[in-house]
Amino acid sequence: MSRRLFILYLALIGVSPAAPSVNKVEPPNWWVRHTRNPIQILLTGADLKGAAVSAAKGFRIEVRHASDDGRYLFLYVTIDPSVRPGSYRFAVKNSQGAAGFDFPLDAPPDLKGRFQGFSAADVIYLLMPDRFANGDPSNDSPPEYARPADRSAVNAFHGGDLRGIRDHLGYLMELGVTGIWVNPIYKNSSPGASPYHGYHTVDFYDVEPRFGTMKDFRNLVDACHQMGIKVVQDQVANHSGPRHPWVSDPPTPTWFNDLSRTPKPRNNFDIPALADPYARPKRRDLPLRGWFAGNLPDFDQTDPLVSDYLIQNALWWIGMSGIDGIRQDTYPYVDRPFWEKWQTAIDRQYPDLVVVGEITAPTPAVLSFFDGGVRRFGVDTRLKSMLDFPLEGAIRRVFAEGQPMSQLTDILSQDFLYQHPEMLVAFIGNHDQPRFLTIAGGDVSKLLMAQAFLLTTRRVPHLYYGDEIAMGAGADRTDRSIRADFPGGFPGDPVNAFVPEGRGPDATRAFNWLRDLLHVRQAHPALRQGNLVQLLVNKDQYAYLRSSPEERVLVVLNRAGNANPIALDVDDLRLPESLKFQTLPGSGPEVSVTQGKITLRDPKEVGIYWAK
């Protein structure tokens with residue numbers, strides 16, 4: 001028998017023709033005395049099928065699965081409580097030889113000042129690392145990726161990075177936010193591609209090199225914590241990027257949904273189908289198994305090896321970085337039983353950390369289907385927070401387009417559907433939509449009123465970078481405007497909006513307004529955690545009262561002009577007669593309770609009044 005035929009024969013009967021090799025270990029490290037035990041270790045290399053794995057005393061190893069081509073080997077390793085922190089050598093052997101890998105085990109993550117979660121007391125600022133600020137130009141154009149940073153190209157990397165964010169934390173402190181949310185920082189770069197947005201992952205255990213390193217991310221998180229700013233990391237458990245090595249050679253036949261089909265099933269985003277108790281199975285199938293945009297490989301979380309990989313990946317990023325929350329991308333397009341397992345694992349190790357799901361549901365009824373704390377279709381997602389897309393749609397229609405204020409109360413009146421409506425994250429725009437000011441035709445007054453509502457209603461507010469300096473005033477609804485570079489964040493910028501002298505009239509007006517609002521909100525617990533009572537709503541006016549044990553804050557939004565006074569009937573609220581409300585922010589005439597009414601003689605567009 002020839003050597004070639006002999007090797008083919010060995011391959012057919014499952015015998016490795018060569019010694020094993022290991023070139024990647026996922027996760028690259030773990031922790032002793034972790035609640036996740038045993039852990040899955042995925043080895044990538046060659047000739048791994050049929051290999052045996054051993055290690056020093058204190059480790060029990062089970063080889064769970066090997067790919068037929070010998071490239072992948074799944075181990076499940078139980079770590080004895082007696083094992084101490086250190087680096088441990090694992091041997092990988094077959095009949096042809098041996099290889100090995102070192103696996104570091106660290107001391108348990110320090111919980112102090114980390115993994116804090118967020119609440120309605122916080123305001124979260126969303127930014128895109130590539131478009132915010134360039135703190136290290138040396139990482140802009142890694143030569144191995146064959147496409148340099150190019151700020152003139154909308155779909156290219158522009159050079160922003162983690163160091164740039166860290167350099168401008170003082171600006172965020174001055175503005176008054178208490179948290180930042182950064183778009184994904186997984187490694188996305190691959191030859192010839194520029195997925196600057198972070199959603200096309202090619203390595204789930206590495207940081208995008210154009211953004212920096214894991215050390216840079218940890219330093220950013222630590223610096224934020226030192227300044228009282230929390231960090232929310234954008235994660236993606238629904239799909240990988242189209243250039244991930246798994247796409248051409250998956251670790252298991254069921255790693256992705258419908259990998260062998262051409263064309264791939266395209267996600268139709270039919271979220272209501274997932275909540276509909278009468279939907280036929282194939283209607284639910286497409287949003288769960290379809291590929292996002294038709295080209296993003298969709299994980300099959302019903303494969304237990306996939307499920308364990310994704311659960312551990314989330315835990316690894318949390319432990320390595322010290323983040324306080326996760327924004328989970330494309331949340332509804334994943335099988336619900338997976339989310340219960342995923343969230344349970346996170347809660348067990350990091351009980352205070354908060355996950356907010358991106359669920360672009362059209363109505364509160366559909367959105368509430370994904371809420372944690374109640375079992376639906378046999379599953380409790382245990383999800384603590386969700387992005388409030390129904391309210392965001394109403395905000396844009398009401399304040400940008402001039403539709404009736406009652407659309408806001410139509411949404412808020414359905415808060416009974418949620419376990420904790422105060423934990424919903426409210427916003428007026430994000431990185432996937434035309435900017436609010438674009439929809440508003442450049443009218444800054446509309447932006448200011450929308451922000452006043454956002455920061456005084458019963459939610460966790462999130463802001464989108466650049467809105468505070470009136471970005472998006474033009475008619476451009478493309479990524480060139482939506483994801484524009486922050487002026488002053490990049491070498492050679494003609495203006496620097498990070499400092500007052502770099503802001504024009506509209507930017508100055510918007511920044512000062514939002515800064516003052518944020519500081520008022522921080523100073524008044526009723527605006528952060530008080531209950532809410534709606535006093536008046538019509539086409540152009542909306543008034544409500546936020547109350548806490550310490551104080552009451554009255555908010556009046558008025559598009560009807562100041563020709564006619566506004567009389568608010570409060571006789572059923574048991575407010576003390578002659579109770580005085582001071583005007584916030586700034587100075588202005590007091591208003592008081594008189595015979596069960598509060599009358600505003602000269603109502604402004606936005607009025608905020610405070611009573612002890």
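Bear in mind the structure is a predicted one, so any value in this text is a computation, not a measurement.
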Are Trp339 and Tyr331 near enough that their ring centres are under 6.0 Å apart? yes
Between Arg327 and Asp329, is there a side-chain N and carboxylate O pair less than 4.0 Å apart? yes
Parallel, tilted or perpendicular: which describes the rings of His197 and His200, with under 30° parallel and over 60° perpendicular? perpendicular
If you measure only the distance, is there a donor-acceptor pair under 3.5 Å linking the side chains of Trp30 and Asp106? no
Do Glu208 and Lys187 sit within salt-bridge range, that is, some charged N less than 4.0 Å from a carboxylate O? no
Walk me through whether Leu454 and Met449 qualify under side-chain contact (heavy atoms from CB on, under 4.5 Å). CA-CA 9 Å; Leu454 178 70; Met449 185 177 285; over 6 Å; no
Is it the case that the ring center of Tyr171 lies less than 6.0 angstrom away from the ring center of Phe511? yes
With Phe118, the side chain to side chain contact (heavy atoms under 4.5 Å, CB included) member among Thr178, Asp324, Val356: Val356
Indicate, with yes or no, if the rings of Phe211 and Tyr196 have centres closer together than 6.0 Å. no
For Arg151, is there an ion pair with Asp130 - N to carboxylate O distance below 4.0 angstrom? no
Ring centres under 6.0 angstrom apart (Phe486, Phe498): yes
Could you tell me whether Trp291 and His239 have their ring centroids closer than 6.0 angstrom? no
Between the side chains of Asp140 and Arg210, is the shortest nitrogen-to-carboxylate-oxygen separation below 4.0 Å, so that they form an ion pair? no
Look at Arg435 together with Asp476 and state whether they make a salt bridge at an N to O cut-off of under 4.0 Å. no
For Trp317 together with Tyr186, are the ring centres under 6.0 Å from each other? yes
Looking at Tyr309 versus Phe299, is the centre-to-centre ring distance below 6.0 Å? no
In terms of side-chain geometry, is the basic nitrogen of Asp203 or Arg243 positioned less than 4.0 Å from the acidic oxygen of its partner? no
Between Lys384 and Asp371, does a salt bridge (Lys or Arg N to Asp or Glu O under 4.0 Å) hold up when you go through it step by step? CA-CA 7 Å; Lys384 297 176 183 176; Asp371 199 5; over 6 Å; no
Are more than 12 heavy atoms from other residues, nucleotides or ligands located less than 6.0 Å from atom NE2 of His420? no
Is Asp136 paired with Arg163 through a side-chain N to carboxylate O contact shorter than 4.0 Å? no
Residues Lys230 and Asp122 bridged, charged N to O under 4.0 Å: yes
Under 3.5 Å side-chain donor-acceptor pair for Gln343 and Asp347: yes
So that I know where these two stand, are Phe581 and Tyr609 an aromatic pair - ring centroids less than 6.0 Å apart? no
